[in-house]
Amino acid sequence: MNLFKDFEGRVLSALEALEQIQEKKDGINLSRVSVEPPRDPSHGDVATNAAMVLAKPLGTNPRALADEISNVLEKDADIERISVAGPGFINMKLSSTYWQKTLAAIIAEGEAYGRSGIGGGQKINVEYVSANPTGPMHVGHCRGAVVGDSLANLLSFVGFDVTKEYYINDAGAQIDVLARSVFLRYREALGEAIDEIPSGLYPGDYLKPVGSALAEEFGTRLRGMPEGEWMPIVKDRAIDAMMDIIRQDLAALNVTHEIFYSERKLHADNAKAIREAINDLTFKGHVYKGKLPPPKGQKPEDWEDREQTLFKSTDVGDDIDRPLIKSDGSYTYFAADVAYFHDKFERGYKEMIYVLGADHGGYVKRMEAVAKAVSEGEAKLTVLLCQLVKLFRGGEPVRMSKRSGDFVTLRDVVNEVGSDSVRFMMLYRKNSEPLDFDFAKVTEQSKDNPVFYVQYAHARCHSVFRQAAEVFADVDLESVDYSDAVEDMITDESEIQLVAKLAEFPRIVESAAAAHEPHKIAFYLYDVASAFHAHWNRGKETAELRFINNTKPKLSMARLGLVRAVAAVLKSGLSIAGTSAPVEMR
RNA sequence: GGCCCCGUAGCUCAACUGGAUAGAGCAAUUGACUUCUAAUCAAUAGGUUGCAGGUUCGAGUCCUGCCGGGGUCGCCA
């Protein structure tokens, strides 16, 4: 059930009925014709821009064309009133019969309502978080985690075959540092005195258990080995331990991944995967040996002007060519990135999304270049940049220092305000906007946190059903055919407004998915909750409008159907957002 | 300096991707709790969409140039 698609179809067939369209059929592009809800509800329920878009190619003026189109549409029994307004908008008010049919269809679809097939089962890869496995997740990782996870939920809701993926940066120098830090903790666990953690190593206490575990497993054996020997062993244990911590952090935020892809895998077997990817790029004509100009701005003192293996990314949209091999012969991080993309492409993804923090803005162009070169234009890569989150407590910025180890972890935040609140706050903003996150606002003044507002609406729906179960004790409310009950019963303007809001759901879902904008779901949920709360309160002023009327069981069942539809939409939306849909607020 | 993101109500943000009279929440004022749970609702007030041009039936949205805020720059990861 998608009301707007339905009426788009009706508008298009109305257009085809027009003589002037038939005459010029080939020269006319109907794809710009759209059917939308009017911004101002007083204009009606649906509006189309058809006349304005088509007037020019038809050589007529929009108002006249609009009149002709509306003359055809007028015959449609579901349209109660039609009018031409402004520069040539055609506004339609729909009959209450049509709204009842719409509601009945929504109820009949149940939890499936809002899903669509626009994804067509296509494989799509969403990569997000990808925090370095050197410690617990930082609060800065929250946003990307939530945005990526919710976007992935949204995409699978519209029929994509989504893979949620995490890229583990476990191959760089920072992992050696991690291993050395753990080795220190290992010696500590064996009883050595460790005064102060030397600068350059990770100081956090979270490494202590890893050291103890090593002591338990190996006793003193590692201590006698040269670094070259213990390093791979400690590295393995350390990475596993850090990933365990990270997985737990993610679980606390209700974030999940299907694949954890290790960078080490690319370097394994003498960097087979990277070599193959570079060979592939070379074969496709994107690799050469040459010199790079020094970076603009101040020239680094240790700048080496030498020839190296470069990816000619300037040919595919980048600003500068990118090095693939370091002076010591090892591969750059970027080379691994190329191999990683290559691997994803080989795994059959035609569409890939990277959710990154704003500090990675500089990587967007080169990754797009990689996508273009590796897939020869076949794969679509989208980079979603999440702007920074600034933490506040009671209006004061929270100071964080990573060096002293007193940074705010993701777990701290989730423990303090709850996963639902964190997730909704992170979603209640376009990802391209910076976000201020105030602990005090999120916890104390719950009004400032929209998730409660939405959850409360959902809980209220269930409260109605709890009440109804008492009033209609002789009716099995679970087996009522609400879809059937709705007919002729939902007639009040306030009820219809609510149905109209629900009818937007598929449209919002599709456009949010297409534009990769999960925040739209959060805003829409707020809208639905608002419409529901408003309608609820009308029942307080006018008892006639209450959902439950013990003298009119038939009417009550119809209205319970409406409530059920509201609850279903809220639940679906909340689950896309990765937040819970409580049945009561406590 | 180059590149990327952002400038919308006092504050925090929307605006269906080019549509109509730019909308919500917070803060302010007023009213509704014996309730289908007031974590709610109704109402008032608040605007030269940073500035200047351009594109067209139509611009907060697209293009150009400024102004202001943030991020980023490397054989690091």
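Letters A, B, ... are given to chains in the order of the sequence lines, protein chains preceding strands, and every chain is numbered from 1.
- Nearest to the side-chain atoms of Phe452(A) among the listed nucleotides U12(B), A39(B), A15(B) stands A39(B).
- Among the atoms of the strands shown, base atoms are found under 4.0 Å from some heavy atom of Glu584(A).
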Shorter than 3.5 Å, N or O on both sides, protein versus nucleotides 20-22 of chain B: list them out with atom names.
{"from": "A20(B)", "atom 1": "OP2", "to": "Arg39(A)", "atom 2": "NE", "distance (Å)": "3.2"}
{"from": "A20(B)", "atom 1": "OP2", "to": "Arg39(A)", "atom 2": "NH1", "distance (Å)": "2.8"}
{"from": "A20(B)", "atom 1": "N6", "to": "Asn91(A)", "atom 2": "OD1", "distance (Å)": "2.8"}
{"from": "A20(B)", "atom 1": "N1", "to": "Asn91(A)", "atom 2": "OD1", "distance (Å)": "3.0"}
{"from": "A20(B)", "atom 1": "N1", "to": "Asn91(A)", "atom 2": "ND2", "distance (Å)": "2.9"}

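- For Glu504(A), the side chain to side chain contact (heavy atoms under 4.5 Å, CB included) partners are Phe4(A), Pro37(A), Lys501(A), Ile508(A), Tyr524(A), not counting sequence neighbours.
- The gap from the P atom of U55(B) to that of U48(B) amounts to 26 Å, rounded to the nearest Å.
- Under the ring-ring contact (aromatic ring centres under 6.0 Å, His included) criterion, Tyr167(A) pairs with Tyr340(A), not counting sequence neighbours.
- Here Leu3(A) contributes atom CG and Glu8(A) contributes atom CD; the two are 11.5 Å apart, rounded to the nearest 0.5 Å.
- Judged as a ring pair (Phe, Tyr, Trp, His ring centres under 6.0 Å), the pairs with a partner in residues 542-570 of chain A (not counting sequence neighbours) are, in order, Phe532(A)-Phe547(A), His535(A)-Phe547(A).
- Annotated stems with RNA chain B as a participant read B:1-7 with B:67-73, B:10-13 with B:23-26, B:28-32 with B:40-44, B:50-54 with B:62-66, given as range with range, by first number; only runs of 3 or more Watson-Crick or G-U pairs under 3.5 Å qualify.
- Taking the side-chain hydrogen bond (donor to acceptor under 3.5 Å, both in side chains) definition, one finds that Arg429(A) meets it with nothing, sequence neighbours left out.
- Checking U12(B), C57(B), C76(B) against every side-chain atom of Arg32(A), the shortest atom distance belongs to C57(B).
- By the 30° and 60° cut-offs, the orientation of the rings of Phe465(A) relative to Tyr482(A) is perpendicular.
- Closest to the side chain of Ala173(A), out of A77(B), U37(B), C41(B), is A77(B).
- For Thr579(A) and Asp420(A), the side-chain atoms include no donor-acceptor pair closer than 3.5 Å.
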Distances for protein N/O vs nucleotides 42-45 of chain B N/O pairs under 3.5 angstrom?
none

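- Rounded to whole angstrom, the span from the CG atom of Asp318(A) across to the P atom of C4(B) amounts to 11 Å.
- For the salt bridge (charged side-chain N to carboxylate O under 4.0 Å, His left out) test, residues two or more places apart in sequence or in another chain that qualify with Lys571(A) are Glu111(A).
- Nucleic acid contact for Arg322(A): sugar-phosphate only, since backbone atoms but no base atoms lie under 4.0 Å from a heavy atom of the residue.
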Review item, side-chain donor-acceptor pairs of residues 57-65 of chain A, under 3.5 Å, at least two apart:
{"from": "Asn61(A)", "atom 1": "OD1", "to": "Arg63(A)", "atom 2": "N", "distance (Å)": "3.1"}
{"from": "Asn61(A)", "atom 1": "OD1", "to": "Ala64(A)", "atom 2": "N", "distance (Å)": "3.1"}
{"from": "Arg63(A)", "atom 1": "NH1", "to": "Gly86(A)", "atom 2": "O", "distance (Å)": "2.7"}

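- For Lys56(A), whose side chain is taken as the heavy atoms from C-beta onward, the closest listed nucleotide among U56(B), G58(B), A14(B) is U56(B).
- A20(B) sits 15 Å from U61(B) when the C1' atoms are compared, rounded to a whole Å.
- In this structure, Ser463(A) reaches the bases: a heavy-atom distance under 4.0 Å links it to at least one base atom across the strands shown.
- Spacing of C1' atoms, C6(B) relative to U21(B), comes out at 27 Å, to the nearest Å.
- The aromatic ring centres of Tyr526(A) and Tyr453(A) sit less than 6.0 Å apart.
- Closest approach to the Lys326(A) side chain among C6(B), C76(B), A14(B) is made by C76(B) (side chain taken as heavy atoms from C-beta onward).
- Of the listed nucleotides (C75(B), U37(B), U12(B)), C75(B) has the atom at the smallest distance from the side chain of Gln308(A).
- Here the nucleotide nearest the side chain of Asp319(A), chosen from U40(B), C3(B), G19(B), is C3(B).
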Start with the C-alpha gap between Phe437(A) and Phe392(A), add the side-chain angles, then the distance that decides, and say whether ring-ring contact (aromatic ring centres under 6.0 Å, His included) holds.
CA-CA 6 Å; Phe437(A) 188 94; Phe392(A) 290 86; 9.9 Å; no
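- Asp359(A) comes within 4.0 angstrom of sugar-phosphate atoms only, judged by non-hydrogen atoms across all strands, and of no base.
- Nucleic acid contact class of Tyr333(A) (heavy atoms, under 4.0 Å, all strands): base.
- Heavy atoms of Lys365(A) sit under 4.0 angstrom from primed sugar atoms or phosphate atoms, though from no base atom.
- The number of heavy atoms from other shown groups lying within 6.0 Å of CZ (Arg81(A)) does not exceed 12.
- The side chain of Tyr456(A) has A39(B) as its nearest neighbour among C5(B), C41(B), A39(B).
- For the salt bridge (Lys or Arg N to Asp or Glu O under 4.0 Å) with Asp321(A), the qualifying choice from Lys291(A), Lys365(A), Lys312(A) is Lys312(A), the only one to do so.
- One cannot find a donor-acceptor pair under 3.5 Å joining the base of A14(B) and the side-chain atoms of Tyr428(A).
- Residue contacts shown for Ser327(A) include a base, since a base heavy atom lies under 4.0 Å away.
- Looking at heavy-atom distances under 4.0 Å, His519(A) makes contact with sugar-phosphate atoms alone, never a base.
- Rounded to a whole Å, the OH atom of Tyr453(A) is 20 Å from the P atom of C13(B).
- Taking only distance into account, the side chain of Ser511(A) never meets the base of C16(B) through a donor-acceptor pair shorter than 3.5 Å.
- Comparing the C1' positions of C5(B) and U44(B) gives a spacing of 38 Å, expressed to the nearest Å.
- Distances from the side chain of Glu433(A) to the nucleotides A77(B), U40(B), C13(B) place C13(B) closest.
- For Arg507(A) against C16(B), a side-chain-to-base donor-acceptor contact under 3.5 Å is present.
- Comparing the C1' positions of U56(B) and C62(B) gives an interatomic distance of 11 Å, to the nearest angstrom.
- With sequence neighbours excluded, the residues satisfying side-chain hydrogen bond (donor to acceptor under 3.5 Å, both in side chains) with Lys235(A) are Asp176(A).
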Taking only nitrogen or oxygen atoms into account, show me every contact under 3.5 Å that the protein makes with nucleotides 67-70 of chain B, one pair per line with its distance.
none

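- The residue Tyr363(A) sits close to a base: some heavy atom pair falls under 4.0 Å.
- In this structure, Lys235(A) places its NZ atom 12 Å from P of A77(B), rounding to the nearest Å.
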Stepwise side chain to side chain contact (heavy atoms under 4.5 Å, CB included) test for Met426(A) and Cys142(A):
CA-CA 8 Å; Met426(A) 296 292 166; Cys142(A) 270; 3.9 Å; yes
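- Only the P atoms considered, C41(B) is 49 Å distant from G1(B), to the nearest whole Å.
- Residues meeting the salt bridge (charged side-chain N to carboxylate O under 4.0 Å, His left out) test with Asp170(A), sequence neighbours left out: Arg264(A).
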